[in-house]
Structure formats: C-alpha cells, structure tokens
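Values reported hereafter were calculated over all heavy atoms of this structure, with side chains retained and with hydrogens, waters and symmetry mates removed. Indexing begins at 1, ligand by ligand and atom by atom, following the structure's order. The chain is numbered in sequence order, starting from 1.
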Amino acid sequence: MVDKLKKRSWAEPFKIKVVEPLKITTREYRSRVLVEAGYNTFLLRSDDVYIDLLTDSGTNAMSDSQWAGMMLGDEAYAGSKNFYNLEANVRRYYGYKYLVPTHQGRGAENLISKILIKPGNYIPGNMYFTTTRLHQELAGGKFVDVIIDEAHDPESLHPFKGNVDLQKLEDLIDRVGADKIPYISVAVTVNMAGGQPVSIENLKQVRELCNKHGIRVILDATRALENAHFVKLREKGYENKPIAEILKEICSYSDGCTMSGKKDLLVNIGGFLALNDQEIFEEARNLVVVYEGLHTYGGLAGRDMEAMARGMEEAVQDDHMRARIGQIEYVGEKLLSIGVPIVLPVGGHAIFLDAKRFLPHVKQSEFPAQTLAAELYLESGIRSMERGIVSAGRNKDTGDHYYPKLELVRLTFPRRVYTQAHCDVTAEAVEEVFSNRQKIRGLKMVYEPKYLRFFQARFEPLAS
Ligand SMILES: *Cc1c(COP(=O)(O)O)cnc(C)c1O
C-alpha cells in the first residue's frame, strides 16, 4: 500500500517579501551575447541571465531577520558585539572553542596552512578543492588524495562517496611517516565529487587512525550542514536526530575547521577558522591581523558577522535543509524520468549533467560540456558551468589537454533564491536541449589564458 502521507506536497518554508525582477530575453538576443561572451558562461553579464545556476557561493537570499541584523552592525574597530554573537553561535552549533573570523573560506585556509604546514609536509584530503590545495602548496606542502575510488565514478550509487579511504591514508602514513603529516583535511561534503557526503562512521574511523599517529583532523566545514542532512537520510541511527545535533557530532571528530559562510550560512560574504587548541588559536589570532584585519572582525564588517551569526541559526533548521536539498532532488528526479544522464546519487548543492553521455557524438577535444552549457543558455537563458576538459587544463610537461574522466555541466542552486516553478522551467529547458541533441556541434577554442583557463577562455562553433 502506498503511504498517503509520503505523497503530500510540501513547499518552500518561507514567503517572499522582496523581489528582484528577472529579465526575459529572446533567442536572437542570447545568440548575440553568447558570441560576445566567446561561448563561455563565465563571460556573460549577469543582467543577461534568466535563471543563474553558475554557483551557490555568496548567491544566497538573506531573511528579514538577517537584514534587520545588518542594521545592528557594530562597526567598532575592536571588540564589535557582532563578533561575540558570532563566536557564541559557532560554539553553540559547531562546538569549537575558539573563533577567528575571515573575509571568506580561503582566508581561513591561508591561516591554517601557514601555521601548520612546513615545507616537505604532506596533507591528505578527500579530493582536492581548488583554493584549499593552492594554499597547502603555497605553504610548501603536497596534497595527497585519499578519497574512496567510488568518488571518481559518476555511476556508482555509494551513499557516502565522500568517504576517506582508510587504507590509502594508512599507506601514506607508512610511506612518509606521521611526523610529515600535520593534519588531514576532510571536506564535508566533497564539492569536487559533486557534493557527496562523508558518513559519521567514516569520520570516527579517521579520528581513531589519526589519534593513533598523533595527526590532527581539520574539517572543511563549508557544506557540513548538507552533509548532516545526508547522514540523517542515509545513516542508521540518525533518522530521528535534528540536523543541529548531527552537525555538532560531525565537528566533534575534528580539531578545528575552515569555513566559507558563503555556502551553508546563507550570507553573501564571510568565513571563519574555528579551533579547539589554544596554542594554534593564539597563532591564528596573531596572524589574522597581517592578512585579514583585527581578530574581532577578520576582514568583515560588523554587519556581515551579524548576518552570518543569524544565518547560522536559520541554516541548522531541519525544514530549511529539507527544502534546500529537496529542490535539487526534485530537479534530479525530473531529469532522470526523461532519461537525461546525470551524476548519481544527486549531491547536496548541484545537478551535474553527464556531457559525455548527453552528447556522445561530440569528441572530448571539441568540449562537450562547454558546448552543452552554451546550448542551455541559448535555449533558455539559464546559466550553468563547465566542469570537464576546459576546467582540467593542460599538462605542463607535454602541453596536451588533460582528458578528465568526468565531463560535466554543473547546475548549482543558490539557497532560498528560486522557487519550484523555476525548477520546472530548468528541467524543461534541459529536456528541450536533450531532445535536439543530435543537431548540436562542438566548439573550438580560439583564446586560451595561461592560468585557470575556464574562467576566460573563448570559443567559436565548429563549422557544421
Ligand atoms: C567555496 C569553497 C571554499 C573556499 O571558500 P571561499 O569562501 O570561496 O573562499 C573552500 N572549500 C569548499 C569545499 C568550497 O566549496
């Protein structure tokens, strides 16, 4: 018998008080601006975009309470009361003793890397993240990937594809020695694997192994709330626990975290480093003055700290998280039902279209994901992002493209910004492109920047 309750609809757990009108453009108009943008969605003007799914970073909508908090900004240079509000909430929800605010996540990454990493050190992690790895390398360290193999397989249905492979971690410790490993950086969830979570069981095992060898555990807690939601859904014994409680347990297996408030915490700017160790905290509090600002503002205005403190209280609510991830699952289910190839299971912040299966007739050297992102914009005004051969760059030694296994287009959902109707429009636009896929031809690159080429590369259509 079908459970009637399960079939009941649910809606966004908020009502709308302020609106930002969207610009609807014609196909002819989009065709023109796409040429001007060199077929690269990063080079479009936001004003020409209808539904913007480029990223969920800093693109969140704030609540009335957060906006009210902005008016209560205490912009004192030292000892702002908003800092103490933020500190109290970090202790309450994340459970760490000490807080150092930073302008965003990478500010915290810079501090912890500078303090803990010595030249020649190794930093294991569950898949790299762009800014995290760069700060580790700039401090003289070497990143080593210790994520489970399933993370690299778009068709694997493993429920916790973000898990650390304990054997890979142990092999690294045997090979280089624990004294060369200042900490392991564990991302919850794993952005580059598609927003895939880590299980509590895995975190416990990582903690145990690291305790045995005297290695610290530092979380990248940027999307820890999304991770907590998946634990609630998928891990035995957690189905009835509030997300806030699961978040605190996740953090309890670590010694500190770096955090980008621009994701989970429902703000447009902000981040922090949180720690339990007093000595490291004191060093961080000293160093933050050099790179960010005084230790009670760390590069943020008082009002930004207040918005983040209030966003934290809203973000840990079960209803909010259910709607946040529910929206992505909703689009995922729609696309699956019409046979569009996507990465499974659907992750916490985005849908990833599998461009290799979507456009099998476009060779990887003709940039299938870049082509698909451009085509989706042309069809609908919806902006997405390439995560494939363009993002992967070239091998420095041979000069050839890297040919990554995954050739994906990311549709990333900002929090509380779009409604279910926007989700329907998005799924229908992808369906339209999918039904015309045979006619789609690839691209050639006509301008290639030296660093992080995906941001500024330009393309032209191949002659058909
Ligand atoms: C965004 C992000 C960061 C970097 O944070 P910024 O606020 O962009 O500096 C670090 N790690 C993960 C997993 C992220 O998603």
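- Scanning the protein for heavy atoms near atom 11 (N) of ligand 1, the closest one is Asp220 OD2, 2.6 Å.
- Separation of atoms CD (Glu109) and CE (Met259) is listed at 11.5 Å; rounding is to 0.5 Å.
- Protein heavy atom closest to atom 3 (C) of ligand 1, with residue, atom name and distance, is Phe129 CE2, 3.3 Å.
- The single protein non-hydrogen atom nearest to atom 4 (C) of ligand 1 is Thr131 OG1, 3.6 Å, given as residue, atom name and distance.
- Here Arg106 has heavy atoms under 4.0 Å from ligand 1 in both its backbone and its side chain.
- Rounded to the nearest 0.5 Å, atoms CG (Asp318) and CE (Met321) are 9.0 Å apart.
- A donor-acceptor pair shorter than 3.5 Å cannot be found between the side chains of Arg223 and Asn227.
- Closest to atom 1 (C) of ligand 1, if we only count protein heavy atoms, is Lys263 NZ, 1.5 Å.
- For Glu201, the CD atom sits in a loose shell: 12 or fewer heavy atoms of surrounding residues, nucleotides or ligands are nearer than 6.0 Å.
- In this pair, Phe352 and His349 present their aromatic rings perpendicular. The plane angle is above 60°, beyond the 30 to 60° band.
- Taking a cut-off of under 4.0 Å to the non-hydrogen atoms of Gly105, the atoms of ligand 1 that pass are 5 (O), 6 (P), 7 (O), 9 (O).
- Ring pair Tyr98/Phe281 is parallel by interplanar angle, where below 30° counts as parallel and above 60° as perpendicular.
- Counting protein heavy atoms only, atom 6 (P) of ligand 1 is closest to Gln104 NE2, 3.3 Å.
- Contact between Arg223 and ligand 1 is present, with at least one heavy atom of the residue lying under 4.0 Å from the ligand.
- Under 3.5 Å, the side chains of Tyr297 and Asp304 contain no donor-acceptor pair of N or O atoms.
- Looking at atom 7 (O) of ligand 1, its nearest protein heavy atom turns out to be Ser260 OG, 2.7 Å.
- No hydrogens or angles considered: a donor-acceptor pair under 3.5 Å links the side chains of Gln167 and Asp171.
- Close approach to Glu109 involves these atoms of ligand 1, each under 4.0 Å from a residue heavy atom: 10 (C), 11 (N).
- For ligand 1 and Lys262, the ligand atoms under 4.0 Å from any heavy atom of the residue are 7 (O).
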